[in-house]
Amino acid sequence: GESVGLHLPTLSVQEGDNSIINCAYSNSASDYFIWYKQESGKGPQFIIDIRSNMDKRQGQRVTVLLNKTVKHLSLQIAATQPGDSAVYFCAGTGNQFYFGTGTSLTVIP
Amino acid sequence: DTGVSQDPRHKITKRGQNVTFRCDPISEHNRLYWYRQTLGQGPEFLTYFQNEAQLEKSRLLSDRFSAERPKGSFSTLEIQRTEQGDSAMYLCASSYGPSGYEQYFGPGTRLTVT
């Protein structure tokens, strides 16, 4: 079946460093991917998206990279701040939206 | 606040009881989604509506689950004869446009079945 999965369940980074969160997907027909941030007790919050015809997309302090050859995408957060501490999910389209299990990012002050 | 709202935020019920959750999407959004999320997992798709039409249902949505969006605005999700395995966070999201990809999530309803 379709799936997206994250390589690491937890990630700790020092405040000010860059963070990279990785995700692999199985459905080569997925044409759209999204990264979400979920803080404790809240619903997921849209961060950035990318269509399958793109390799890279940049937002404010965030960059998403898509490698269709190996079915891999990553989220890069520049100058990570304590407020970035959360669980990050990648999601892809198929017949429905598929979410990965999430990576918990902890920013160490 | 004009975001997605859900009610109640928490629900504790005994096994075998029926529960109903409500979701109010962002007003101009034509698509509405229901997800279930258990601890440590990503949201799992349950169903979605485009306006009042229910267009997709996951196989996770057993016969005990039913969702409605009668006027294309708010939606309800009912679980009949609840089981302990139904304990989870139930998330609602809405989106606008033909693709519906950029979904805005509500805070969720946490269900605990005892």
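Residue numbers begin at 1 in each chain, while the letters A, B, ... track the order of the sequences. This one's a predicted model, so the numbers in the text were calculated from it and none came from an experiment. No hydrogens, no waters, no symmetry mates; every other heavy atom, side chains included, goes into these values.
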What pair of heavy atoms forms the shortest contact from A/Tyr32 to B/Glu102, and how long is it? OH-N, 4.3 Å
Would the number of heavy atoms belonging to other residues, nucleotides or ligands and lying under 6.0 Å from CZ of B/Arg64 be above 12? yes
Look at atom NZ of A/Lys68 and say whether more than 12 heavy atoms of other residues, nucleotides or ligands are closer to it than 6.0 Å. yes
Given B/Tyr35, which partner from the list A/Phe99, A/Phe89, A/Tyr98 fulfils the ring-ring contact (aromatic ring centres under 6.0 Å, His included) test? A/Phe99
Is the count of non-hydrogen atoms from other residues, nucleotides or ligands lying under 6.0 Å from A/Gln60 atom CD greater than 12? no
Search all heavy atoms of B/Leu91 against all heavy atoms of A/Gly43 and return the closest pair with its distance. CD2-CA, 4.0 Å
Taking every heavy-atom pair that is under 4.5 Å apart, which of B/Gln37, B/Glu44, B/Arg9 has the most such pairs with chain A? B/Gln37
B/Asp63 CG: over 12 foreign heavy atoms closer than 6.0 Å: no
Chain B heavy atoms under 4.5 Å from A/Gln38: which part of the residue, side chain, backbone, both or neither? side chain
Hydrophobic clusters here meaning ILVMFWY residues chained together by side-chain heavy-atom distances under 4.5 Å, can you tell me if A/Leu105 and A/Leu65 are in one? no
Quick check on B/Leu39: does its CG atom have over 12 non-hydrogen neighbours (other residues, nucleotides or ligands) under 6.0 Å away? no
Could you list which of residues 106-114 of chain B have a heavy atom closer than 4.5 Å to any heavy atom of chain A, in residue-number order? B/Gly106, B/Pro107
Joint hydrophobic cluster, B/Tyr90 plus B/Phe74, side-chain heavy atoms closer than 4.5 Å: no
Does one hydrophobic cluster hold both A/Ile21 and A/Val13, with members joined at side-chain heavy-atom distances below 4.5 Å? yes
